[in-house]
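Note sheet for the following structure.
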Amino acid sequence: MKKGVSFLVTVALMALASSLASAFDPSPLQDTCVAIDDPKAAVFVNGKFCKNPNLTVAEDFFFQGLNIPGNTENPLGFNVTTVNVDQIPGLNTLGISLVRIDYAPYGENPPHTHPRGTEIITVLGNTLFFNKGDVYVFPIGLIHFQFNVGHTNAVAIAALSSQNPGVITIANAVFGSNPPINPDFLAKAFQLDKKVVEFLQAHF
Ligand SMILES: *[C@@H]1O[C@H](CO)[C@@H](O)[C@H](O)[C@H]1NC(C)=O
Ligand SMILES: *[C@@H]1O[C@H](CO)[C@@H](O)[C@H](O)[C@H]1NC(C)=O
């Protein structure tokens with residue numbers, strides 16, 4: 001019985017360790033923690049290095065230009081403009097960020113996942129699989145995509161529950177990995193002809 005309990009505790013500790021390793025945003029331990037590049041000028045650390053709060057200015061919490069569409073002239077026909085801790089240093093440790101996503105006609109944001117953030121998205125103009133004003137939630141880690149089913153440009157705004165939600169694009173990760181994954185393995189995993197796998201690997 002005791003052994004069983006200690007085994008459970010070990011499993012719980014391992015689960016805790018792996019959740020720490022997946023690096024969720026910490027809860028802030030201070031009011032603000034403006035990210036700074038120079039560790040010598042830093043005060044506290046709870047994410048990136050923090051600027052001395054006495055030197056914090058309004059501009060640390062400001063970004064301009066989300067009204068400007070991203071260029072969608074690429075093979076997938078989409079463009080993501082990120083507003084995370086790299087654009088707004090004041091977001092450091094606050095667990096939130098924003099993106100603007102533009103879609104060309106029939107453009108798509110291909111299947112991907114955000115390892116550190118739940119996403120809540122709303123369509124501002126035209127239609128994806130959902131319509132203007134609709135709001136959809138992609139829970140953290142879930143594979144999701146958007147597809148502009150309209151024949152005009154579309155735009156969406158999404159908020160994510162991380163200062164740096166990260167993105168893993170499935171096709172790139174699987175077929176474009178470096179070093180490459182063994183094509184025989186991928187052919188079996190995806191039940192594809194090896195030639196198709198090699199074609200995809202050459203593409204990504
Ligand atoms: C911020 O200013 C206060 C008041 O002048 C001072 O006591 C404190 O040491 C300063 N903090 C830092 C980190 O410089
Ligand atoms: C997204 O748009 C920006 C601004 O027009 C451009 O600099 C960038 O290259 C575009 N990214 C892609 C992947 O097309």
Side-chain angles (χ1 to χ4, degrees), residues 26-94 97-117 119 121-128 138 143-160 162-178 200-204:
S27 300
L29 301 176
Q30 61 285 308
D31 292 340
T32 62
C33 174
V34 177
I36 197 168
D37 287 335
D38 177 10
K40 283 200 209 82
V43 181
F44 307 109
V45 178
N46 186 14
K48 295 195 181 219
F49 294 111
C50 314
K51 189 176 184 178
N52 181 341
N54 291 354
L55 306 177
T56 294
V57 290
E59 285 71 30
D60 292 330
F61 299 86
F62 183 69
F63 174 87
Q64 225 169 359
L66 212 60
N67 58 319
I68 302 166
N71 181 353
T72 57
E73 282 169 25
N74 51 61
L76 295 173
F78 87 114
N79 194 304
V80 180
T81 307
T82 55
V83 187
N84 58 38
V85 68
D86 292 329
Q87 287 77 36
I88 302 186
L91 279 179
N92 195 29
T93 75
L94 296 184
S97 61
L98 197 68
V99 294
R100 173 192 171 122
I101 316 169
D102 289 281
Y103 311 85
Y106 307 109
E108 63 170 81
N109 185 357
H112 64 280
T113 167
H114 303 290
R116 289 177 297 277
E119 174 171 349
I121 187 170
T122 186
V123 183
L124 295 188
N126 293 322
T127 50
L128 302 177
F138 305 117
I143 296 176
H144 60 280
F145 64 92
Q146 296 105 35
F147 179 37
N148 179 9
V149 292
H151 48 75
T152 52
N153 292 334
V155 59
I157 295 283
L160 295 113
S162 168
Q163 67 180 39
N164 178 21
V167 60
I168 299 169
T169 302
I170 309 305
N172 300 12
V174 172
F175 297 108
S177 89
N178 180 15
L200 288 169
Q201 286 185 313
H203 230 74
F204 288 99

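In listed order, ligands and their atoms are each counted from 1. Position 1 is the first residue of the sequence, and the numbers go up from there.
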Which residue and heavy atom of the protein sit nearest [atom], plus the separation:
atom: atom 11 (N) of ligand 1; answer: Asn54 ND2, 3.0 Å
atom: atom 4 (C) of ligand 2; answer: Asn71 N, 4.1 Å
atom: atom 13 (C) of ligand 1; answer: Asn52 OD1, 3.5 Å
atom: atom 14 (O) of ligand 2; answer: Asn74 ND2, 3.0 Å

Can you say whether the rings of His144 and Phe138 are parallel (under 30°), tilted (30 to 60°) or perpendicular (over 60°)? parallel
Would you verify that at least one protein heavy atom lies under 4.0 Å from atom 7 (O) of ligand 2, or report that none does? no
Which pair of non-hydrogen atoms, one from Ile143 and one from Pro111, has the smallest distance, and what is that distance? CG2-CB, 4.0 Å
Show the nearest heavy-atom pair for residues Gln146 and Ile101, with the distance to one decimal. OE1-CD1, 3.7 Å
Between Arg100 (side chain only) and Asn67 (backbone N and O only), is there a donor and an acceptor less than 3.5 Å apart? yes
Output yes when a side-chain donor or acceptor of His112 lies under 3.5 Å from a complementary backbone atom of Pro110, and no otherwise. yes
I'd like the name of whichever of Val80, Asn79, Thr81 reaches closest to atom 10 (C) of ligand 2 through any heavy atom. Asn79
Taking only heavy atoms of Gly70 into account, list the atoms of ligand 2 that are under 4.0 Å away from them. 2 (O)
More than 12 foreign heavy atoms under 6.0 Å from CG of Asp37: is that the case here? no
